[in-house]
Amino acid sequence: MGEHDVIDLLVAQHGQIRDLFDEVEQAPPDKVAAAFERLTRMLSVHETAEEEIVHPYARRKLDNGPGVVSDRLAEENEAKRLLLDLHKAGVDDPRFWDRLGELRAAVSRHARGEERYEFARLRARTTTVERRAMAAAVRTAEALAPVRPHPGTESATGNMLKGGPLALMDQARDMIRKALGRR
Ligand SMILES: [Fe+2]
Ligand SMILES: [Fe+2]
């Protein structure tokens, strides 16, 4: 991805998230766990980046910013709760596929909400320079969520996501705060 504008970058990540859901749904049985890990990583890093970078900005800059952002956070929290439950239950859980469907619906509702009510208005209220700076901060955490599998790492399921999505979200938050010069 070569997006330098934070909104283009986040919308591109929404597309990648859709593709990663497709990959989980279409994976042969022995690849489901690895595909689900990739999806989990991307979702964890993406939502953390939005919470740290874009939502605080939108809250300050948009008319009714606090209302717009609290609606988005409610959607985001719902999606995260579903993700954490699903991750905990694992891909062998009998209800995995039903719950994955629920997660997918929640995530896509949320992405639509962001694109319609937050990103479009944020674009009108920010400069190119501001959006580039925000994109750079989002990118610092992207390394935690490789979209393509690295050859040789996929079979080592046990090594993936030590500590689960919450630990990954913390790691992403630290990287982003450092990049933004916050503590
Ligand atoms: Fe989000
Ligand atoms: Fe998003």
Side-chain angles (χ1 to χ4, degrees), residues 1-24 35-62 64-87 99-126 130-147 161 164-177 179-180 182:
M1 285 196 311
E3 286 79 6
H4 296 295
D5 178 298
V6 73
I7 294 169
D8 295 340
L9 178 57
L10 293 173
V11 171
Q13 288 187 351
H14 288 172
Q16 289 179 322
I17 289 166
R18 277 195 300 278
D19 292 347
L20 288 166
F21 271 108
D22 287 344
E23 281 177 33
V24 178
F36 180 61
E37 292 289 351
R38 285 199 298 281
L39 171 66
T40 302
R41 282 179 171 276
M42 176 51 106
L43 272 177
S44 303
V45 170
H46 173 82
E47 298 305 345
T48 303
E50 289 174 340
E51 282 167 20
E52 290 293 317
I53 301 164
V54 177
H55 298 334
Y57 214 87
R59 196 183 275 124
R60 291 197 304 272
K61 293 261 174 171
L62 301 185
N64 189 28
V68 172
V69 170
S70 88
D71 289 351
R72 300 293 79 72
L73 286 175
E75 297 161 354
E76 216 155 272
N77 287 336
E78 161 77 354
K80 270 167 131 177
R81 187 184 59 75
L82 291 166
L83 177 67
L84 291 173
D85 287 353
L86 195 55
H87 192 269
R99 294 164 83 178
L100 184 77
E102 255 181 80
L103 174 66
R104 185 171 193 156
V107 166
S108 61
R109 250 192 329 269
H110 171 55
R112 268 198 312 274
E114 285 177 335
E115 291 179 18
R116 277 186 202 163
Y117 304 115
E118 184 180 12
F119 296 175
R121 294 164 59 193
L122 198 59
R123 202 191 288 274
R125 287 298 184 95
T126 45
E130 287 170 321
R131 291 197 303 279
R132 277 180 177 250
M134 285 191 270
V138 173
R139 278 189 191 288
T140 58
E142 250 189 349
L144 296 174
V147 173
L161 266 184
L166 284 176
L168 190 66
M169 289 171 196
D170 283 347
Q171 222 182 321
R173 192 169 290 117
D174 284 349
M175 289 169 85
I176 291 165
R177 289 184 181 180
L180 294 172
R182 285 190 217 147

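Whatever order the structure lists them in is the order used to number ligands and atoms, beginning at 1. Heavy atoms only: backbone and side chains are in, while hydrogens, waters and symmetry mates are out. Here the structure is a predicted model, which is why all the values come from computation and not from measurement.
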Round to 10° and report the angle made at the Fe ion (ligand 2) by NE2 of His46 and OE1 of Glu114.
170°
Roughly, to 10 degrees, what angle do His14 atom NE2 and Glu50 atom OE1 form around the Fe ion (ligand 2)?
170°
The Fe ion (ligand 1) - name of the N/O/S atom of Glu47 that sits closest to it:
OE1
I need the Glu118 CD to Arg59 CZ distance, nearest 0.5 Å.
9.5 Å
Of all N, O or S atoms in Glu76, which has the smallest distance to the Fe ion (ligand 1)?
OE1
Heavy atoms, side chains only, cut-off 4.5 Å: are Leu9 and Met134 in contact?
no
Just wondering, do Tyr57 and Arg131 contact through their side chains at under 4.5 Å, heavy atoms?
no
The Fe ion (ligand 1) to nearest N/O/S of Glu51 less than 2.8 Å:
no
Parallel, tilted or perpendicular: which fits the ring planes of His55 and His110, with parallel below 30° and perpendicular above 60°?
perpendicular
Is there side-chain contact between Leu83 and Glu47, with heavy atoms separated by less than 4.5 Å?
no
The Fe ion (ligand 1) to nearest N/O/S of Glu75 below 2.8 Å:
no
